[in-house]
Each structure stands twice: as structure tokens, then as C-alpha cells.
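Heads up, the thing below is written out as C-alpha cells.
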Amino acid sequence: MEKYLSQLNDAQLEPTIQVNGPMIIIAGAGSGKTRVLTYRIAYLLSKGIDAFNILALTFTNKAAKEMKGRIADIVGDEAKNLWMGTFHSVFAKILRFEGHHLGYPSNFTIYDTQDSQKLMGAIIREMGLDKDIYKTKQVYSRISSYKNSLVTVKAYFKNPELMEADAMARRPRMGEIYKEYVDRCFKAGAMDFDDLLLRTNELLTRFPNVLAQYQDKFRYILVDEYQDTNHSQYLIVRALADRFQNICVVGDDAQSIYAFRGANINNILNFQKDYDDVKMFRLEQNYRSTKNIVGAANSVIEHNKTKIDKIVWTANVEGEKVIVHRAMTDADEGRYVASTIWETKMNNQLDNSDFAVLYRTNAQSRAIEDALRKRDLPYRIYGGLSFYQRKEIKDVTAYLRLILNSADEEALKRIINYPARGIGQTTLDRLVVAANATGKTIYDVIKEIDSISININNGTKNKLRDFITLIESYKVMNKTANAFDLAEHVSKTSGLVKELGKDGTPEGVTKMDNVQELLNGIKDFVEGQIELADAGDSLAEFLEDVALATDLDGDKGDPNHVALMSIHMAKGLEFGHVFIVGMEEDLFPSAMSMNTRSELEEERRLFYVALTRAEQQAYLTYTLSRYRWGKLIDAEPSRFIEEIDDEFVNIVTPLKERHNPMLDASIFDDVEPNKVRFKKPKTAKLQKKEAMKKPEKFIISTPKKLKRVKHAKVSDDSNAVDSKLTVGNTVNHQRFGRGQVIKLEGTGADAKAEIKFQNGDTKNLLLRFAKLEILRTKHD
DNA sequence: TGCACCGATGTTTTT
DNA sequence: CATCGGTGCA
């Protein structure tokens, strides 16, 4: 038997050497799942399975890279042939090869969130809609959730319930926006993040031969963090695994924290139903944390009802209790964190990198940063506005994008007048109108400006011609030069650098530095590619990396720093000492996530994730008042603090009495009481705001105990499907009023309820989107 | 068309 | 507080 296998305990060994068939590994926090995945792949290779036939989908590119490195340590060169990466990056690659079936160019652009939202904003404006009703962000998230549920434009217009839901939310023209958005993306040769998954599904569904080809290729499939896959990802995995059924998924339902972007915890809860003879493994021994931390985390997650029962335990030392600290303000909280790090470091001879500060929202980093700076503690912020999303960087990459794909509408709009060349909004509007009318791209309209009738004066036409000439000259250069030389040439000759140089402010200098850093990055990339000797189109590949890069991916600079990041970003990481700051009601749990039980449970899982990052010591801090929107706001300690069993916590400063002790988890039993009772009186403005909320949110309750996976109800969206709803329930609907459930049918996305309303109407409502509140159950 | 200034508005979380 | 979009003037 291979030597590395001796490093595994029995529970880990079993799934590692299970080669064939469907299997699920429920892996508690810190139980060594990465090790199992790594060794399992190494084991597959040692059994003669070709690396070309293995697909491993991870949650971050960094995780993929690290795992690949570890596998290479064991098996050597063969590892480089493995397909490993995030869903988005792996399928982006496949779509480069196969996108032509769907009418996409191989050099399609990937629109990031910013690009997508700008385009939607433009469409809303072009359609003359009220931007206060059609809020770009809400429209974006709505369309994103359609796409992640495989509701295409065609499917949308075939679905009266959906259209009605949007109409109810005062957005009857959602569908038109959706259609226009999809058309415009297609015309621009662009895919947004959701398209990378949706179009993959389209590809695999519409082209059976393509599906067969990839089924045959990916004979062994592994999916990490399966609890955070969305419906679209789920279908891709199912399709690919269908032929050989060698599918291994790993995850922990207690760590599902991405419902807001469509992740569906039921994918993992129901895995055993999806395949025959699923082998299930559990990893319950935690190797990471002390007994106190594991105990604290367990006692917190115990408050959730929707979960797979498992016992995470540890043989590690008892360690210190979780420390709870009260601070006056956020600045004070920062000082506490900084001074504690300082002292602990001194007393225990620790590195800066032994510490992490985790928060619920990125905006909280500022106060911590200030305090760390004052103590001269080096730190690094992960996430937030990533490097590639900064304006000056996006400006440069927009040029590169346009060179590669001149149909790219968002790139063109971004730079057609930056640096200023006298092409204003009016001109641009006219170009867009002409482009929409003729079906041509904006770039082509400008190119053919002389042969079409358009209300643009000659001076401006000349400027437009100059712009095209400039881009065309870059295109010529791109045929021979490498990405670095091109990017450097572009930033110099386009006037971008000159523009930044004019700005002598410290911010301007930083921007200049950033552009330089980008160029260095491109240089590294190009040189790396030369070494790899698979000289593809370096520019295209660089841009793809940029579009899908996360802040975790590039580890540059001095590694000995305190890490600052959101809890989401910390998933999968571990640190000796972890500070979880801002443990306050309305912040954590977030005020936006306390409306439904499932939302609150997700917040609690998030807290569980945060706690289990710590190896030695966890600190929780909260403030009595905090700056929010530039104003000092009163704060109260988070309910989550009280949810930890007393034996695991050390409350250094007496807990501030919570203002409203009625907000207790026990109130969520059975029917949720009218939540309005506990809230401050609403202003008219707030009420208006409420009315515009996403329609899919509604009050739900869940079964008392969900003991076994097998009994878990099949449902498609944990956030929206009410598994408690039964025939006979009395429910309240926002618009139709009170009614009784007559019939339930369908599961998951299709779950419907026939409801007879008091006004006599009987309606068939899609549970996913209907805003239902249970007033009375049958047995009351 | 471009720039300077103003007020409104908003913050979860990310590929 | 910071960003964005709108307005008004050169």
C-alpha cells in the first residue's frame, strides 16, 4: 500500500481508496477533507487512471492550485494533466473550445458584476423605465437568480407565475429587460458569470455529442464544497457524471453560506437520492481546533434545525475558552484587537500570520486597519474591491478587451472617451440607437459611420474615426507582440498613463503604481507562459484569469502579515488566533438576513464557519456603538454570543443586556409570529422600501427535526421552498390575502400550491416565488 | 462636451 | 462616509 495512505485515520482512509461509484463525504470542519481529496486523486492515479480523465471542481482557484501542488508532490509530473479549478474557470475553458456551437466566438469576453450591472442600467435607461423601481442591483440579482435556476428568457415568458411575481413587485417589464440584456451580451460576444454555467448547461443539453465527449473524458469527478453549489452547477455535474457515475462530492451542510448567490443546501442533503448505491462517509474528527473551540462551534450550530446530524469531536487539547470582549466603539474594538495581537505575539513568540481578523462586511476593515497601522502590525486585506476591479485597472483591461473582441460593448463604452477625446454621452447614445436598430455592434457602426445616416457632426465623426484607427493599430500589434508589450504600448499611447500622471494627489500616484503593478503582472504571466511552452493566445488567457481571479489567488508581498477578510472569504482557511469582530445584532446576524428562518440559519452557519477557522484561540468582540454611514449608531451584542454554551466562553466584560430579549430562537418554533411586532414603527419610506423587496423572500418555517438525509424533502431552493406547508394550512398572501392550501404538487423549483383564497379565487402558485405566510397549520 | 459641485443613496456576503 | 448620478455653467 502506498506510503502516504498511512497518514490517514480509518475514517479518512475509507473514502480515499473508494475508487468507483457515487459517494458523498460529509466532512466536518477541520476534519481533513482536503487531505482526503488530495490523496484520493493520488490514489486514483496510482491505480492507473489517466489524469486526463479526472475532473476536480473546487471552490477557489487557490484551493485547486494548492491541491494540484500537493498531488504533484506525491505523483510527480502526471498531476499537470488534471482538470482542476472552480466551476467558472473550468467551464469557461470548455466554452472557449465549444462555444461556437452556441454562436459564441472563442475569444468571448467575461463580463464581471460591474459590467453586467452597467449594461442593465443602460438598458433600463434606454427603455425609459423608472430607475427607482427598476433598481439596477435588484434587477441584476433577479436575472442572476433566473439564470442560476435555468430560467432562460424563453422559459421566463412561458412561466406566468414568474411574470406575475415580477408584476407584483411592480416590475412588469422584467422580462423585456432580461431579454434585451441577454441579446446584448450575446451580440457583444460576452458571457457573465452566470452564463458560464448556464451556457455550459445549454451546450450539454443541446449537443448530445458534445456531452458524450466530455462524459467520456471526465470519468472520475470530484466536487469540493458541494453544499455551496447552485442548481446550474448541480445540473452540470449530474450531466457529466451520468455515464460513469464515478462521482465523489465532499462538503459540510453546516458550512453552506452562499444561498444568496443561489447555492442550494439541498444538493448535498439529497445527494443520496440522485444516484443508486451511494456510499456515504463521515469525517467527524476535527484536527484543527481545541476542545473549547469545537465545543463552542457545536453548541452554536445546534440551534439550527435544518441540518444533517453529525458529531464533530476532537482529541486535541482543551485550550482556552472563547474570549468575548466588549468595546465602546469600532475604533476601540480595533485598539483591542491590535493590542491583543501585539501582546499575544510577544508572550508566545508568534508570527503576524498566526492572526486573522474576520468580519461580516468588508466596510468593517477600516477601523481595524487604522488600529493595526498605529501598532505597526503588518496586515493584508483580502477581498473587498479586488485589484482588478479598480477603475484604473479596468480602464487598461478594457482596452485589451476591446482589442481582442471589438464587439465588447462595455469595454468600448468605458474607454471611448477616456482619456477624454470629445466623444460625449449624446454621441454615444446615438451610436447605441444605431447599433440596436441595425443589429450591428457599436464598433462596427463607428467603422461604417460614413455609409449610414446618423445625426453626428463631422468634427465628432473625425474623433470617432481616430478612435477606431487607434484600436485597429493595437489589433495589428496584437498579432505579433506578446501581451506585455502590447499592454505597455497601449497604456502609453492611449494617453491613460499621461492622464494619471496629471493627477499629483496621493491617490493619483497610487493609481499610477497600480497600473505599473498590472503591467508587471502581465509580464510575469507572459514569462510563465513561455516556460510552459503552450504558447496560446497570451492576452486572451490573461484576461480570462483576470476576470475569474479572486483576491485569494495571488499571494504576493511579505507573507508574514495579519489577515483581514470577510468570513465568506475565510472559508477553507485556518489561523492560530482568530478575532471575529462586530458581533452585534443587525450586523451579524445582518439586518438584511433576519426575515426568515432560513436566512437566520445561514447567518448562524456563517458564524460556525468563522469560529471553526481558529486553531488555538477565538475572540469575539462587539461594540456599544459603531459608525455606520458616518453616524454613530447604538449596538447590541449578537444573539449568537448567547448561543454558545457557557462552559466554552469567557465573557471578560459583562455582556450588555440585550434590548429585546424576546428575539430568541425559540420563537421560531412552528409558525413564526408576526415579525412586525418586534420591529420599530415603520416610516412611510421604509414601507415603500419593503414593498420593493425581492419577491422570493417570504416567511417560512421548517420541520422540527431533520434527522436523516433520506427523509430530507426534495426542494430546490432552501431560501424559498417551504417544506412545512401542507394541505389544509391557512396562509396569507401579500396580494391575494388569506386562503387555504388545497393541493400541493411538484418538488424543488416546480413545487406549486393550489390555494383557495377567501375572495373566491383559486390560484396555482409557484412556491419558489410566492410570498406566503403560514397563519395556521391544519392541526391547530 | 466637459467639469465642478451638489445631494441623494446605500452595505451584506462573491464566482 | 463614499460613490454615483444629476445639474448648471463655461
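Basis for what follows: all heavy atoms, side chains included, without hydrogens, waters or symmetry-related copies. Lettering of chains follows the sequences in order, A, B, ..., and the numbering in each one begins at 1.
Here the P atom of nucleotide B:dT14 and the NZ atom of A:K62 are 15 Å apart, to the nearest Å. A:I236 places its CD1 atom 13 Å from the C1' atom of B:dT15, with the value rounded to the nearest Å. B:dT15 atom C1' lies 8 Å from atom CG of A:L197, rounded to whole Å. Between A:N230 atom CG and B:dT13 atom C1' there is a gap of 15 Å when expressed in whole angstrom units. Rounded to a whole Å, the OH atom of A:Y359 is 9 Å from the P atom of B:dT14. Atom-to-atom, CD of A:Q138 to C1' of B:dG10 comes out at 12 Å; the value is rounded to the nearest Å. Whole-Å rounding puts the A:I257 CD1 to B:dT14 C1' distance at 10 Å. Protein atom CG of A:D130 is 15 Å distant from nucleotide atom C1' of B:dT9, rounded to whole Å.
No aromatic stack links A:W629 and the base of B:dT11, using centre distance under 5.5 Å and interplanar angle under 30°.
Atom name C1', nucleotides B:dT13 and C:dC4: the rounded distance is 22 Å, in whole Å. Going from the C1' atom of B:dT11 to that of C:dG6 covers 23 Å, rounded to whole Å.
Along DNA chain B, the nucleotide closest to A:A363 and the one closest to A:F87 are compared, and the more 5′ of them pairs with A:A363.
Not counting sequence neighbours, the partners of A:E392 by the side chain to side chain donor-acceptor pair (under 3.5 Å) test are A:N514. Residues forming a salt bridge (charged side-chain N to carboxylate O under 4.0 Å, His left out) with A:R414 (at least two apart in sequence, or on another chain): A:D395. Applying the salt bridge (charged side-chain N to carboxylate O under 4.0 Å, His left out) rule to A:R390 yields no partners; only residues at least two apart in sequence or on another chain are considered. Not a single ring pair (Phe, Tyr, Trp, His ring centres under 6.0 Å) links A:Y418 to another residue, sequence neighbours left out. Checked against salt bridge (charged side-chain N to carboxylate O under 4.0 Å, His left out), A:R421 has no partners two or more places apart in sequence or in another chain. Partners of A:T361 under the side chain to side chain donor-acceptor pair (under 3.5 Å) rule, at least two apart in sequence or in another chain, are A:Q364. A:Q389 pairs by the side chain to side chain donor-acceptor pair (under 3.5 Å) definition with nothing, not counting sequence neighbours.
In this structure, A:Y146 has its ring center no closer than 6.0 Å to that of A:Y181.
Out of B:dT14, B:dT15, B:dG10, the shortest distance to the side chain of A:F193 is found at B:dT15. For A:K137, the side-chain atoms get nearest to B:dT11 when compared with the rest of B:dT15, B:dT14, B:dT11. Of all nucleotides listed (B:dT11, B:dT15, B:dT9), B:dT9 comes nearest to the side chain of A:K135.
In this model, the phosphate group of B:dT13 is approached by a side-chain N or O of A:N362 to a distance below 4.0 Å at OP1 or OP2. Side-chain nitrogen and oxygen atoms of A:T60 include none within less than 4.0 Å of the OP1 or OP2 phosphate oxygen of B:dT15.
In this structure, the separation between OG1 on A:T109 and CD on A:E409 is 11.0 Å, given to the nearest 0.5 Å.
Nucleic acid contact for A:S590: base, since at least one base atom lies under 4.0 Å from a heavy atom of the residue.
Looking at A:T397, its side chain does come within 3.5 Å of a backbone N or O of A:I393 through a donor-acceptor pair.
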For nucleotides 1-4 of chain B, which of its nitrogen or oxygen atoms have a protein nitrogen or oxygen under 3.5 Å away, and what is each distance?
{"residue": "B:dT1", "atom": "OP1", "partner": "A:T427", "partner atom": "OG1", "Å": "2.5"}
{"residue": "B:dT1", "atom": "OP2", "partner": "A:T426", "partner atom": "OG1", "Å": "2.7"}
{"residue": "B:dG2", "atom": "OP1", "partner": "A:G422", "partner atom": "N", "Å": "2.9"}
{"residue": "B:dG2", "atom": "OP2", "partner": "A:N417", "partner atom": "ND2", "Å": "3.0"}

Restricting to nitrogen or oxygen on both sides, can you table the protein-nucleotides 2-6 of chain C pairs closer than 3.5 Å?
{"residue": "C:dA2", "atom": "OP1", "partner": "A:R366", "partner atom": "NH1", "Å": "2.6"}

